[in-house]
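Every number for a ligand or one of its atoms is a count from 1 in the order of the listing. Every value quoted in this text rests on a predicted model; they were computed, and no experiment measured them.
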Amino acid sequence: MAIPDQVVQKVAESKFLTVLTGAGISAESGVPTFRGQDGLWKNYRAEELATPEAFQKDPKLVWEWYDWRRGIVGDANPNPGHEAISRLEKSAPNFYLITQNVDGLHERAGSCKIVELHGNIWKMRCVKEGTIKTDLTVPLENLPPHCECGALLRPHIVWFGESLWPDSIETAFLVAEECDCMLVVGTSAVVQPAASLPLVTKRAGGFVVEINAEPTPISDMTDSSILGKSGEILPELEYLVSKRK
Ligand code: BV8
């Protein structure tokens with residue numbers, strides 16, 4: 001789908017550009033999405049296992065599921081969509097990336113100013129001490145992993161029914177309020193509170209562009225909704241913007 005010239009112009013003249021991403025941006029890296037046709041993680045829906053209740057009931061099963069996902073994500077590489085966002089960050093006067101993804105692919109693509117709203121699959125947190133460590137081991141030995149203190153370690157990820165961390169949600173809403181242009185990429189826009197961020201930008205007078213493989217509940221409220229693959233559209237948009245600057 002062609003990129004409207006108004007979108008190129010708005011991104012090129014943006015003083016504060018924000019990008020909000022969801023699982024769709026990692027689809028072309030081979031990472032399954034949550035709700036698309038491949039929206040299953042090994043026959044489990046995130047809503048079944050990404051919950052405190054599931055972890056309480058069977059920490060080993062939840063860790064087996066995350067260990068399997070870490071294996072998939074560990075084999076994945078950033079795609080041209082992730083890389084285009086990293087280039088947009090470098091050329092924008094002010095920039096923030098807000099991601100719902102836990103796969104760490106944006107950081108590997110060179111993005112710096114990132115809010116990981118839902119945490120990171122490579123981080124683990126002691127359920128007792130709250131200490132957080134990064135562990136890239138794939139596969140993990142003897143699941144579920146334990147802290148040196150003897151307590152269980154859990155994925156440092158926000159599960160359904162859990163509140164997001166105050167500092168990251170505060171930053172996300174502030175950025176959504178302050179930016180003059182937001183690109184919303186690869187999200188079905190159903191999970192709250194992330195899905196409210198584009199509305200915040202719109203209400204504050206910002207220009208909102210959706211780039212997604214299918215229409216979503218926020219498509220009608222955006223200034224422009226571009227249907228297609230983010231791995232194709234973002235590099236083209238970034239190229240057109242770089243020529244416009
Ligand atoms: C909260 C970490 C306050 C897990 C995730 C009832 C009870 C309890 C809570 C609720 C409730 N009703 C509503 C809620 C709130 C709930 C929620 O929103 N539920 C939804 C399902 C209705 N939210 C929460 O619980 C949040 N906390 O609200 O705290 C509170 C506290 C207690 C009680 C109530 C409220 C916490 C939400 C965070 C959950 N954790 N992830 C893990 O990953 O293991 S969310 C999970 O969904 C992922 O992070 C994912 O990023 C996120 C959103 O999904 P998407 O990223 O959008 O991915 P999806 O597959 O859906 O869509 C992909 C899109 O890409 C598709 O549109 C597709 O077409 C497109 N696409 C595909 N390929 C491409 C593409 N686009 C472009 N190019 C391509 N190539």
Which of the atoms in ligand 1, numbered in the order shown and given with their element, are less than 4.0 Å from a heavy-atom of [X]?
| X | value |
| --- | --- |
| T33 | 60 (O) |
| Q192 | 17 (C), 18 (O), 23 (N), 24 (C), 26 (C), 28 (O), 37 (C) |
| E28 | 78 (N), 79 (C), 80 (N) |
| G22 | 56 (O) |
| Y66 | 4 (C), 42 (C), 44 (O) |
| E47 | 21 (C) |
| W159 | 36 (C), 39 (C) |
| A50 | 4 (C), 44 (O) |

Counting both backbone and side chain atoms, is some N or O of [X] under 3.5 Å from an N or O of ligand 1?
| X | result |
| --- | --- |
| K229 | no |
| N212 | yes |
| V158 | yes |
| E214 | yes |
| S188 | yes |
| F34 | yes |
| A23 | yes |

To the nearest 0.5 Å, tell me how far [X] [atom1] sits from [Y] [atom2].
| X | Y | atom1 | atom2 | result |
| --- | --- | --- | --- | --- |
| D180 | K15 | CG | NZ | 7.5 Å |
| W122 | H156 | CH2 | NE2 | 15.5 Å |
| Q100 | L197 | CD | CG | 8.0 Å |
| E83 | R87 | CD | CZ | 7.0 Å |
| C112 | E89 | SG | CD | 4.5 Å |

I'd like to know if [X] contacts ligand 1, where contact means a heavy-atom distance under 4.0 Å to any ligand atom.
| X | answer |
| --- | --- |
| G228 | yes |
| G161 | yes |
| A46 | no |

Going by an N to O cut-off under 4.0 Å, is there a salt bridge joining [X] and [Y]?
| X | Y | answer |
| --- | --- | --- |
| R244 | D5 | yes |
| K60 | E64 | yes |
| E214 | R35 | no |
| D103 | R69 | no |

Give a yes-or-no answer on whether the side chains of [X] and [Y] include a donor-acceptor pair shorter than 3.5 Å.
| X | Y | result |
| --- | --- | --- |
| S111 | S86 | no |
| E116 | T99 | no |
| Q6 | S224 | no |

Original post:
Given A27, G186, S196, P52, which has its nearest heavy atom closest to atom 63 (C) of ligand 1?
Top reply: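 The residue whose heavy atom sits nearest atom 63 (C) of ligand 1 is G186.
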
**OP:** Run down the list R35, Q100, H118, R69 and name the one with the heavy atom closest to atom 38 (C) of ligand 1.
**Re:**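 Looking at heavy atoms only, H118 sits closest to atom 38 (C) of ligand 1.
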
Subject >> Sequence neighbours excluded, every pair satisfying side chain to side chain donor-acceptor pair (under 3.5 Å) that has a member inside residues 134-147 >> reply: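 Every side chain to side chain donor-acceptor pair (under 3.5 Å) pair that includes a residue of residues 134-147, provided the two are not neighbours, is D135-T137.
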
Which bit of [X] gets closer than 4.0 Å to ligand 1, counting heavy atoms only: side chain, backbone, both or neither?
| X | answer |
| --- | --- |
| E162 | backbone |
| I157 | side chain |
| I25 | neither |

Using distance only, find each side-chain donor-acceptor pair of residues 161-177 under 3.5 Å and give its atom names and separation, not counting sequence neighbours.
| from | atom 1 | to | atom 2 | distance (Å) |
| --- | --- | --- | --- | --- |
| E162 | OE1 | R154 | NH2 | 2.9 |
| E162 | OE1 | W159 | N | 2.8 |
| E162 | OE2 | R154 | NH1 | 2.7 |
| S168 | OG | W165 | O | 3.0 |
| T171 | OG1 | D167 | O | 2.8 |

